[in-house]
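Please read the structure below before turning to the comments.
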Amino acid sequence: MASMAEFWSDRSVVVTGGNGFLGRVVVRLLAERGAKVVAPTHEAFDLTIPRAADAMLAAYEPTHVIHLAARVGGIGYNQVAPAPLYFDNLMMGTHIIEAARAAGIEKTVLLGTVCSYPKFTPVPFKEESFWDGYPEETNAPYGIAKKAHLVHAQVNAAQYGQKFAYLIPTNLYGPGDKFHPAVSHVIPALIKKCIEAKETNAEFIDVWGTGSASREYLYVEDAAAAIVRAAEMHEGIEPINLGSDREITIRETAETIAEVTGYTGTLKWDATKPDGQPRRRIDASRAAELLGWTAGMDFRDGLTRTVDWYLAHRDQAEAAPH
């Protein structure tokens with residue numbers, strides 16, 4: 001196979017969501033490998049609107065599309081805004097897939113979500129379990145919208161020969177994450193709480209749930225490397241999990257974040273708040289087999305880098321979502 005720089009020398013990529021948390025890292029990696037890469041903004045092309053995706057691909061004429069644009073949030077946001085979570089995500093992916101087909105795009109990389117897995121899935125989650133039940137209720141609108149893109153990719157591949165890669169990352173974290181309370185996930189939310197509690201000498205912080213639920217976290221740079229590799233070397237219509245092969249409870253997550261931030265107060269668990277999915281850990285062996293990819297970042301090291309970035313970029317980190 002040609003070196004990656006040679007591969008990208010005559011190819012170009014549109015990265016939707018390329019100005020977001022994960023997208024910025026993917027754009028940087030592609031540029032470092034010699035790709036011509038563009039990251040159109042939501043303001044320039046609102047992909048929820050019919051024909052906007054066609055106009056975007058006509059404007060840039062890429063060989064590849066990496067679709068990362070999404071409307072996302074934590075459990076709280078999922079509870080108050082399920083309709084746009086379903087509709088906007090469904091429409092963006094649907095329009096991208098069809099526009100890429102019409103434009104003859106060489107390959108389209110789609111990002112799924114671990115939220116698509118059934119609420120009660122044997123742990124670790126294997127791709128074979130993807131259709132074995134309904135997602136956890138607070139995740140379902142987002143998870144099902146993303147699941148529909150896999151079906152769309154599969155039927156388009158069968159009927160039109162359209163080329164895809166479909167990747168399912170577990171919970172992402174790292175520098176550049178969203179820390180605004182309206183949309184933050186568990187790690188940035190806890191980092192912000194611990195830092196603020198430390199600064200105000202608060203005796204305790206409230207943490208949602210019982211702490212017994214488990215998650216698996218994937219450092220953003222590791223996820224981006226897998227996405228770029230899939231764009232370069234993989235095509236197929238079966239989903240591929242991306243994870244770190246480490247399951248950790250929310251309680252241990254919170255305790256580790258308190259240690260990394262230097263917060264020494266009490267963590268008070270609010271069992272009236274939802275835990276979300278009971279357990280989450282994925283089997284990433286398919287990614288190792290098909291992409292030659294494994295995650296490399298140690299969890300505590302990744303948290304330290306994330307905390308350092310947050311402290312250095314607080315205004316940016318806490319900016320309200322568009």
Side-chain angles (χ1 to χ4, degrees), residues 20-22 24-25 72-80 114-115 136 138-139 169-223 243-281 295-321:
F21 167 44
L22 173 61
R24 280 194 292 263
V25 185
V72 295
I75 288 178
Y77 186 70
N78 292 358
Q79 288 179 316
V80 300
V114 72
C115 298
E136 193 275 325
T138 61
N139 293 321
T170 190
N171 296 46
L172 298 180
Y173 76 103
D177 208 342
K178 298 182 181 75
F179 285 76
H180 190 278
V183 291
S184 60
H185 287 91
V186 60
I187 285 179
L190 286 170
I191 288 173
K192 180 171 158 43
K193 273 191 174 184
C194 286
I195 294 288
E196 290 176 352
K198 181 185 175 187
E199 291 170 344
T200 59
N201 295 313
E203 293 181 10
F204 66 87
I205 59 170
D206 290 308
V207 190
W208 275 30
T210 64
S212 64
S214 69
R215 294 291 177 265
E216 177 179 356
Y217 306 109
L218 181 61
Y219 192 64
V220 65
E221 299 264 353
D222 284 334
S244 60
D245 201 30
R246 183 184 179 198
E247 183 179 5
I248 177 170
T249 64
I250 299 294
R251 184 176 294 275
E252 187 185 344
T253 302
E255 290 168 351
T256 307
I257 288 171
E259 290 171 18
V260 169
T261 58
Y263 177 63
T264 55
T266 303
L267 306 179
K268 281 179 64 174
W269 296 90
D270 183 356
T272 67
K273 297 288 198 256
D275 276 328
Q277 193 157 25
R279 289 183 69 191
R280 191 178 285 169
R281 179 183 164 209
M297 179 57 68
D298 172 78
F299 183 55
R300 186 178 287 266
D301 290 346
L303 281 181
T304 301
R305 295 184 189 199
T306 307
V307 170
D308 290 346
W309 178 86
Y310 171 65
L311 291 172
H313 302 87
R314 214 138 162 191
D315 288 346
Q316 177 187 340
E318 295 179 6

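These values consider heavy atoms only, across backbone and side chains, with no hydrogens, waters or symmetry-generated copies.
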>> Tell me which one of Arg279, Arg281, Arg215 satisfies side-chain hydrogen bond (donor to acceptor under 3.5 Å, both in side chains) with Glu247.
In response: Arg279
> Would a 4.5 Å heavy-atom cut-off, applied to side chains only, mark Trp269 and Val207 as touching?
Replying inline: yes
> Closest approach of Ser244 and Ala295, non-hydrogen atoms and distance?
Replying inline: CA-CB, 3.9 Å
>> Donor-acceptor check, side chain of Asp206 to backbone of Asp270, threshold 3.5 angstrom: yes or no?
In response: no
>> Using every non-hydrogen atom in the two residues, find where Asp222 and Leu218 come nearest and quote the distance to one decimal.
In response: CB-CD1, 3.8 Å
>> Ring-plane angle category for Tyr217 and Phe299, please: parallel below 30°, perpendicular beyond 60°, tilted otherwise.
In response: parallel
>> As an exercise, state the distance from CG of Leu190 to NE2 of His185, rounded to the nearest 0.5 Å.
In response: 12.5 Å
> Which heavy atom of Thr210 sits nearest a heavy atom of Ala271, and at what distance?
Replying inline: CG2-CB, 4.0 Å
> So which heavy atom on Gly174 is nearest to which on Val220, and how close?
Replying inline: CA-CG1, 4.2 Å
> Any side-chain heavy atom of Ile195 within less than 4.5 Å of one from Arg314?
Replying inline: yes
>> Any heavy-atom pair between the side chains of Asp275 and Ile250 that's under 4.5 Å?
In response: no
>> Using a 6.0 Å cut-off, check whether atom CD of Glu203 has over 12 heavy atoms from anything other than its own residue.
In response: no
> Nearest 0.5 Å, what's the CG-OG1 distance between Asp308 and Thr261?
Replying inline: 11.5 Å
> Going from CD on Glu318 to OG on Ser184, what distance comes out if it is rounded to the nearest 0.5 angstrom?
Replying inline: 10.0 Å
> Below 4.5 Å, heavy atoms only, C-beta onward: do Asp177 and Trp309 meet side chain to side chain?
Replying inline: no
> Is there side-chain contact between Pro181 and Lys193, with at least one heavy-atom pair below 4.5 Å?
Replying inline: no
> Does the cation-pi check pass for Lys192 over Phe179, that is, NZ or CZ under 6.0 Å from the six-membered ring centre and within 45° of its axis?
Replying inline: no
> Looking at Ala223 and Leu22, what are the two nearest heavy atoms and their distance?
Replying inline: CB-CD1, 4.1 Å
> Could you state the interatomic distance from CD1 (Ile248) to CG (Asn171), rounded to the nearest 0.5 Å?
Replying inline: 11.5 Å
> Less than 4.0 Å between a side-chain N and a carboxylate O, is that true for Arg305 and Glu221?
Replying inline: no
>> Show the nearest heavy-atom pair for residues Tyr263 and Lys198, with the distance to one decimal.
In response: CD1-N, 3.7 Å
> Rounded to the nearest 0.5 Å, what separation is found between the CZ atom of Phe21 and the NZ atom of Lys178?
Replying inline: 8.0 Å
> Can you tell me if Glu216 uses its side chain to pair, donor with acceptor, with the backbone of Asp245 under 3.5 Å?
Replying inline: yes
> Under the side-chain contact (heavy atoms from CB on, under 4.5 Å) criterion, do Cys194 and Glu259 qualify, and how do the steps go?
Replying inline: CA-CA 9 Å; Cys194 286; Glu259 290 171 18; over 6 Å; no
